[in-house]
Each structure stands twice: as structure tokens, then as C-alpha cells.
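Order of appearance sets the numbers: ligands from 1, and atoms from 1 within every ligand. Counting begins at 1 with the first residue of the sequence. Here the structure is a predicted model, which means the values were calculated and not measured.
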Amino acid sequence: MKDDRLPFVRCLMASLLVAVVVRAADPVKVVATTADLAAVARAVGGDAVEVTTLARPTEDAHFVDAKPSFIKIANQADVLIEGGASLETGWLPPILDSARNPRVAAGAPGRVVAAQGVVLQDVPAALDRSLGDVHPQGNPHFMLDPVVAKTVADTIATAFCAVDPSRCSTYRDGQARFRAEIDAKLPAWQAALAPFKGAKVVTYHKDYDYFFGRFGLEVVGTLEPKPGIPPSPTHLTALVPAMRAQRVSLIVVEPYRERSNPDFVAESSGAHVLVLPTMPESKEKPDYVTFIDGNVRALAAALEAARTP
Ligand SMILES: [Zn+2]
């Protein structure tokens, strides 16, 4: 009996070994909620990871159209990267509940919350979702600050190492390369926006505060009375004279917003409207540095045009 079973056991062990070897060479399946996190994950993981993004880059990250296909994608993920700080609260939890994937459950090594390790702006004294404020834990739109993106790359690399220790050196190399790329670009970005230091801008939603703050621009108001609450006539009527008094020359709007309110405020205040991406959108080169580079150029050009009488 023993002799009969031995070849079977040997065969089983051999196939298990093959399975382990194949598994080790497979790319790690990474799911990112948004395109900016996906871009950083690709920069860190390179060919060792296969990254899928849930939200479209032209979609409001707070209100993503959650498709049934997201459940299967989340079910098969080795790593799930979310922004956190309530960014995805409106749509991600039901997907993860249905996906039933312990590898990406809260607290598992495969669950990455980018906000951990980031100092958030506008953190309220107490958690408060009253009146529909979609930033109850502070402003979650930190990925537009390239310096913060380096911290997120560190967090992602550490998670990749925990999930796939055999390729940890690959991930640490990717992390170092990403950091170096940002450091190399930062002086040029700062120089491009230096002539506009102290310029006051208004935005639709608090999407660009970290980005503008990094380059010395000041966000003095939003078209939304509170994050996630649509512009109201009362709010806009008060905003227009405040913008005139503070000489605001630019209203910065996300690509997915309606234009009637921004256009009305622009016309009433004399400011210009700039539509600025919040995520890497390019199909050919959706990388993070190209995205920030494009935004810096577009912003510098719009500020220049707005101050020319
Ligand atoms: Zn928001």
C-alpha cells in the first residue's frame, strides 16, 4: 500500500513545487481605486505587478459608478490600494464586502491605505458627516502634491514587500527611482510657478489644495459651500464680491464638473476658468510625473493669461 502511494505523493509534491515556482513569477495582482494611486503602484512595482484601476480618471473619486465587475476584480486582488480618509466611503465598502477576499480585508498585508503616513489638511476636531460633508476626516486629495506622492510610494513599496518578499529589492528600487524622479523635477516645477507665488485662486471642490499649497498658491474659496454640496445661489452671491476684493484671477475646475456655475462666477467676478485634471488621464503615458508636469504647465499658462489685461 505504502509503495503504491509513494509515486502519487512524489508526483503531488512535484506539482506543488511547480505551482509555487509559477506563482512566484506571476505578477502581483494590484487593484487601485484611482488612477493616481495606480500610476504610483506601477512606478514602484514595474513588471512585477499588474495594476487595475477601478475609477475612471475623469470620474469624481467620491462618487464612482461602481460596476458589478469591480467585485470580481477585488476578489482576485493580491493588493488593494485605496486613498482612504473617507475618499471612497460612498462606493468601495459594498464592493469589498461582496468580494470576500481576506487578502485585501482591512488590516491584511494586502490592504494599503495611502492616507496612512500623510498629514491631512482640514482635519475637523470631531468626525462629522452632517450636511453631507464628504471630507469628515480631513481633505483626502493629497495625491496632487508630488512630495506627498513620494510618501505614498514608500507605503506602497512596504506593502508590496510584505505580500511578495522574494521581489522586495525590485520594489525598493522602484520606490527609489520614483522618489529620484520627483526630486529631479521639483525645482523646475517650482521655478515655473514661482512668478505666481501668493496668487489667490478659487476651485470648485477642495481637490487642488495640496497641489497649490506646495507651489505657494492660495485657495481662498470654493464654488461648493462644503465639500460634496453643490453650489447654491446664496453661496455664489457671497463668493463673487469676496473674489473681486481679493483679486482672484482663476477658477480651477475638475474635468467632470458642470460648467454653468463656474462660467457664471467667472463672468461676474472677471476671473478666468481653468479645467485641470485631477488624475493622470493619458492613455499613452499615464504616469504620475507626466501628469504633474502637464498640470504645472497648464496652471502657469493660465495664470499668465489671467494676469494679462
Ligand atoms: Zn473631496
Counting only N and O atoms by type, is there a donor-acceptor contact under 3.5 Å from the side chain of Tyr288 to the main-chain atoms of Met143? yes
Using a strict threshold of under 4.0 Å (side-chain N to carboxylate O), is an ion pair present between Lys206 and Glu224? no
Flag the pair Arg103 / Val163 as yes when at least one side-chain heavy-atom distance between them is below 4.5 Å, and no otherwise. no
Which residue is it: Val148, Thr155, Val113? I am looking for the one with a side-chain contact (heavy atoms from CB on, under 4.5 Å) to Val118. Val148
What are the protein N/O/S atoms, named by residue and atom, that sit under 2.8 Å from the Zn ion (ligand 1)? His62 NE2, His135 NE2, His141 NE2, His205 NE2
Have Thr34 and Arg56 got a donor and an acceptor in their side chains that come within less than 3.5 Å? no
Any chain of hydrophobic side-chain contacts (each under 4.5 Å) joining Leu250 to Val296? yes
